[in-house]
Amino acid sequence: MEALAIGSAPPRPGLAALARYSHLRRPGTLAATAAKRPLTAASMDAAAAGGRPSPTPIRCTSAETDAEVDEVATSSHAAEADAGATTDTEQGGNGSPVAGAADSAEVAGVDGIRIRRRPVTGPAVHYVGPFQFRLENEGNTPRNILEKIIWDKDVEVSKMKERRPLYMLKGPLEAAPRARDFVGALKASYDRTGLPALIAEVKKASPSRGVIRENFDPVQIAQAYEKNGAACLSVLTDEKYFQGSFDNLEAIRNAGVQCPLLCKEFIVDAWQLYYARSKGADAVLLIAAVLPDRDIKYMLKICRILGMAALVEVHDEREMDRVLGIDGVQLIGINNRNLETFEVDITNTKKLLEGERGQIISQKDVIVVGESGLFTPDDISFVQNAGVKAVLVGESLIKQEDPGKAIAGLFGKDISHAGAT
């Protein structure tokens, strides 16, 4: 992708913000594009003479138009094409390739993907005049809650992109506060305490638990976490299922909280990475069960350009092996929650870190983050002994009367700066 090639390496210190985001340009009109690339004389003459023009039609490719950068916002369709899917191209909206619904069926089995990106047979609801019909089948019925979330997120992001195309994010990106070192903060905390660094989650609700905390003030919770030893914070931004928002993320950043912030969002489109950075995110979550390898590699590249870290989440051995085969991964999160049953088993962490996998992780200096099912000091000790150097914890903290003070209960000691001195 030429639009990204100019920034394939992290920007040099002192590089003006304008230069960093110079590839975010407003798409030119079709007329303007045609003016830049006129028909050749031969084809014009043929048309004037009533003959057939050149058999090669004019194509608006990503290398030839100002709409090239908008293709950044949809990388998954390229992976679907590689999987054998047939992709039609629309040159409207964001100018991104648009894949047919059947593509999801084929990409679902590629690279170990367990979550279909969108309904295989199209939406279940159809309209005929004023009447609504619901036709459900295996292809348009989510197999689990994560798949339902992803399908809804795909529709939500498409609407967001229509309202705010990529070029419109250039100003907010330039105005966003500088990204902070998420990975460095985790390493510093581990070195300081000798315990897994804490990524404390600011979360009001979840699909499995409903509302976890009624009295929910994201800024106060974030400040309490920071005061009591959290190295980084995870902020839920999904509204429909977790009652989160980007307003919460932005409010925490603007309140002076110094902990680096992970945007806990369901990423299905590279446009979301730019949007998260514009709202102050220092890191994002990439879920291997949702994203094929090509998407992960592509999004890691964008994260490097934007100065963000990426926590790549896995659930099983196959996903772990896939992610270990991708260069540039610094953080791997092991989610102990089963995607089909939603049962939690922290021995999953140990299983995924045993043997050769653990050796590869050590050689690559990857930080492993334990996720889900961590409630007690014994749980923290178990995953640390398995090889974890950071933990992401939400429910066991947020449901306590004082989430900040609950951190000491989770670790069995005060891990704040004051407590460590």
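On a predicted model such as this, the values are computed, not experimentally measured, just so you know.
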*Could you walk me through whether Tyr225 and Val257 pass the side chain to side chain contact (heavy atoms under 4.5 Å, CB included) check?*
CA-CA 10 Å; Tyr225 281 156; Val257 174; over 6 Å; no

Carboxylate-amine/guanidinium contact [X] [Y], below 4.0 Å:
X      : Y      : value
Lys153 : Glu156 : yes
Arg337 : Glu343 : no
Arg114 : Glu319 : yes
Asp321 : Arg357 : yes
Lys203 : Glu395 : no
Lys279 : Asp247 : no

Measuring only between side-chain heavy atoms, which start at C-beta, is [X] closer than 4.5 Å to [Y]?
X      : Y      : value
Asp345 : Asn338 : no
Ile221 : Ile398 : yes
Val157 : Val268 : yes
Ser416 : Lys227 : no
Val314 : Arg322 : no
Leu186 : Lys389 : no
Leu324 : Ile361 : yes
Ile334 : Val383 : no

Taking [Y]'s backbone N and O only, do any of them form a donor-acceptor pair with [X]'s side chain (distance below 3.5 Å, no angle check)?
X      : Y      : value
Gln243 : Lys204 : no
Arg192 : Ile415 : yes
Glu313 : Leu286 : no
Ser362 : Gly358 : no
Asn385 : Ser381 : yes
Asn254 : Glu250 : yes
Trp271 : Arg164 : yes
Glu201 : Leu397 : no
Gln400 : Lys405 : no
Gln384 : Ile380 : no

Side chains of [X] and [Y]: do they bring a donor and an acceptor to under 3.5 Å?
X      : Y      : value
Thr376 : Asp379 : yes
Asn336 : Thr349 : yes
Ser372 : Asn335 : yes

Search all heavy atoms of [X] against all heavy atoms of [Y] and return the closest pair with its distance.
X      : Y      : result
Leu311 : Leu262 : CD2-CD2, 4.1 Å
Phe182 : Ala309 : CB-CB, 3.9 Å
His315 : Ala289 : ND1-CB, 4.2 Å
Val366 : Val329 : CG2-O, 3.5 Å
Ala205 : Phe242 : O-CD2, 3.1 Å
Ala179 : Leu306 : CB-O, 4.3 Å

*Using salt bridge (charged side-chain N to carboxylate O under 4.0 Å, His left out) as the criterion, point out the one residue from Lys159, Lys240, Arg117 that pairs with Asp152.*
Lys240

*Are Tyr167 and Tyr274 close enough that their ring centers fall under 6.0 Å?*
no

*Are Phe246 and Tyr275 close enough that their ring centers fall under 6.0 Å?*
yes

[X] side, atom [atom1]; [Y] side, atom [atom2] - distance, nearest 0.5 Å:
X      : Y      : atom1 : atom2 : value
Asp282 : Cys303 : CG    : SG    : 11.5 Å
Phe375 : Leu410 : CZ    : CG    : 9.5 Å
Ser278 : Leu173 : OG    : CG    : 5.5 Å
Arg118 : Trp151 : CZ    : CH2   : 11.0 Å
Glu265 : Leu273 : CD    : CG    : 10.5 Å
Tyr241 : Ile145 : OH    : CD1   : 5.5 Å

_Check against side chain to side chain contact (heavy atoms under 4.5 Å, CB included), Arg143 and Ile115_ = CA-CA 8 Å; Arg143 294 176 294 195; Ile115 303 299; over 6 Å; no

*Full working for side chain to side chain contact (heavy atoms under 4.5 Å, CB included) between Phe266 and Leu285*: CA-CA 7 Å; Phe266 297 90; Leu285 176 71; 5.9 Å; no

*Evaluation steps, side chain to side chain contact (heavy atoms under 4.5 Å, CB included), between Glu354 and Glu317*: CA-CA 10 Å; Glu354 289 177 332; Glu317 295 98 326; over 6 Å; no

